[in-house]
Amino acid sequence: MNKQEFTITVYTENHIGLLVRIATMFSRRKINIESLNTSPSETEGIHRFTIVINEFEEVVRKLARQIEKQVEVLKAYYNTNDEIIWQELALYKVSTDEIAEKAKVERLLREHGARAVVIRKDYTIFETSGHREETDKLVDVLAPYGLIEFVRSARVAIIKASHGFHEKLREFEEAEPGQEQIENEFLNKQDSVFTM
Amino acid sequence: METLEALKETAATKKTQTINGSQAVLEAFVAEGVDTIFGYPGGAIMPIYDALYDYHDKLKHILVRHEQGGIHAGQGYARASGKVGVVFGTSGPGATNLVTGLADAMIDSTPLVCITGQVFAHLLGTDAFQEIDVINITTPVTKWNYQVTDATEIPAVLAKAFYIAKTGRPGPVLIDITKNAQLQQFEYEGYTACTHIRSYRPKPIVRKEFVAEAAALINAAEKPFVIFGQGVILGKAEKEFKAFIEKAGIPAAWTVMGLSALESDHALNVGMLGMHGNYGPNVLTNECDVLIAIGMRFDDRVTGRLDKYAKQAKVIHLDIDPSEIDKNVKTTVGVWGDCKETLPLLTKLVDAKAHTAWVNKFKEYMDEEVKEVIHAELNPVGEILTMGEVIRNLNELTGGDSIIVTDVGQHQMVACRYAKFNKSKSNITSGGLGTMGFGLPAAIGAKFGAPDRQVITIIGDGGFQMTLQELGTIMQNEVDVKILILNNQFLGMVRQWQQLFMDRRYSFVDIASPDYVTLAKAYRIDGQRVTKREDLHDALSTMLHHKGSYLLEVMVGKENNVFPMVPQGCSVSEIRLK
């Protein structure tokens, strides 16, 4: 088994300090976070962390359990790249003169699915989204035309097999967990998509 | 369903009253049944101390000499009583002094609620006097922490704090309260205990099929072996545990934290696990066919080299904390749950057996250990006193009924190996963090947690000098704690390693001591010093029968070692007897 890219999805309460609590889970083990995104989820009041790391599955499994153990964490899942759909957003700032003069640029942008967000006299900002390689490629393409500024967002990901969090949350809100709720269903199926 | 009358009654009693945040904190304590607080005042927590002035009939406050002493006392209280320990500290240095104790409580799963004062909310982030970002400092060493800036939050936050500290796998909680919130007046509607947090599941559902799988493995086993930890004590499952091993006839060995959950003289108690544990339990870990771990976490001091640990065995792990299952040792069957619930289920399904030959194997190893190590340690013939004989004499006098609080180092291992216990919650020590200086303050807390029991703290000359300021707390509050210093004039455990693994290059382990008896006298604590064997027994007896606290210093062999020993990086079966 080798290190590979894992996306960890964490559903949490929206509380101050939780970011640090989760971040220390990684830094304590000297694991670098490749990308981290926090956002609302489909459920009101529930926050969603999307964290990308490069690690051995064994390590990620234990990490996910430690994260889930935190009081304000509802659930932590981890997935390999083929189990998720993900996107990253990138912005590119180039000189408007440069674009206007060279018709070739327009064709390149079209090929990479970029669209203009702002067009001003002095500069134009393009936006594209996709996987890392795709947004990276446009950087290479635009470099000869004087790329002034580039920024890329963290990864956001949707788990293919997920049914959302509404049902789960309802279970969590019950003071007495129902019999159908099986918390350690995956205890003996560690190679499965998610942990506990 | 509540009746209409009952509802009316609740409505009637739910009249609000105006109180301030500080009073709300103390009201929460009273409602949670807190009787003792260990603390130290300071600027940012003064409003709470002001409110405390009016609560002296309901809440006892013990003024310690250092916040670290306060939190260790809180730990000792919690461990001896099974209740939540409560600690006060002020902002800044008061808060940072709590960190070691929080880390200790975190790794040893001790329920604590610590309240720290904080600067006014409008000063947060301005480097105000005694301002420290205590929430971020303590995040990795608390089960939960929270900063309160508005008094109206206090009742609910305190309720949550107690609930989190004591349920599931217990742990320390820190609540930081800004001074304005302590002073703020608000409409108080009474205290409601917390019973549920949607993102927190302290009690997992027990999966009967895993219990059944575990039982099947146990029933098919010829050489089953139980290893247990503090989970049995924290789960208050001592009876259930005993019923299980007795029915299944399985020998059981304990971790340092599990010590006293099963009485020392029980026929199936085969001793201590780990680095300085007993010979049989270590060697036979690698010979058993089913290893049943109960409420323990496979610490590296227990397992030695992991890739050579119990590889032949099927492993069953009972734990309330799912993240412990498969963390260090791969389990065959994980039984997630409170052992108070899972053990009776398991007991019902296991066959009544005796495993006589297997249990006898532990006895054979014990005989060899007695011959090679224990006899000479407990009954030395040379002039030099050993730590082991001090503990043997102590056992003869206490009969195993006392609470023994130890510090960290050689004396700790010797005390754990040889002290006898008849009752649970009697061994209080810093197991996971190995905090030198834990012993004295923890003993103070233990006495308040179990006032009817004899509390003896056994401390080395190194550890005692780390927190000896708490003699002041003992003096002022007349705490009946017996202090037994085993003085070998060295930082003994480090010296032992330097001797065994570093060619006797004794690097800064030679530690000088003050005259402890005179020091104690300065604190109006009686005491004496023993250097000869003929005086030992009487001196211990004098100590135990003395009214009030007492300090006894025993001069023991300078270069005695603790054996057996599993050297670091070695397998448990490579345990050395000398």
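In what follows, chains carry the letters A, B, and so on, assigned in the order in which the sequence lines appear, proteins first and then strands, with residues in each chain numbered from 1.
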Strictly by modelled atom types, are Trp144(B) and Gln70(A) linked by a side-chain donor-acceptor pair under 3.5 Å?
no
Is it the case that atom CG in Asp122(A) sees more than 12 heavy atoms from other parts of the structure closer than 6.0 Å?
yes
When the 4.5 angstrom heavy-atom criterion is applied to Ile16(A) and chain B, the contacting part is neither
If you count the non-hydrogen atoms of other residues, nucleotides and ligands that lie under 6.0 Å from CZ in Arg28(A), is the total more than 12?
no
Residue pair Glu171(A) / Arg201(B): nearest heavy atoms and the distance that separates them
O-NH2, 3.4 Å
Does a sphere of radius 6.0 Å around NZ in Lys160(B) hold more than 12 heavy atoms from other residues, nucleotides or ligands, not counting ones at 6.0 Å or beyond?
yes
Against chain A, work out which of Asn145(B), Ile164(B), Thr139(B) has the most heavy-atom pairs shorter than 4.5 Å and name it.
Thr139(B)
Is it the case that atom CD1 in Ile158(A) sees more than 12 heavy atoms from other parts of the structure closer than 6.0 Å?
no
Are Arg21(A) and Thr142(B) side-chain neighbours, meaning at least one heavy-atom pair lies under 4.5 Å?
yes
Residue pair Ser199(B) / Glu72(A): nearest heavy atoms and the distance that separates them
OG-CA, 3.4 Å
Please answer whether the main-chain N or O of Tyr146(B) pairs with a side-chain N or O of His15(A) as donor and acceptor at a distance below 3.5 Å.
no
Thinking salt bridges, do Glu324(B) and Arg65(A) make one under a 4.0 Å N-O criterion?
no
Quick one: what part of Val71(A) sits under 4.5 Å from any heavy atom of chain B, side chain, backbone, both or neither?
both
Flag yes if more than 12 heavy atoms outside Lys160(A) fall under 6.0 Å of its NZ atom; otherwise flag no.
yes
Please look at Glu13(A) and chain B and tell me whether the side chain, the backbone, both or neither of the residue comes under 4.5 angstrom of a heavy atom of that chain.
side chain
Those residues of residues 125-144 of chain A, ordered by number, that approach chain B below 4.5 Å (heavy atom to heavy atom):
none
Between Ile46(A) and Arg198(B), is any pair of side-chain heavy atoms under 4.5 Å apart?
yes
Exercise: identify the closest heavy-atom pair between Lys327(B) and Lys62(A)
O-NZ, 2.6 Å
Can you see which heavy atom on Arg61(A) is nearest to which on Lys330(B), and at what distance?
NH2-NZ, 3.4 Å
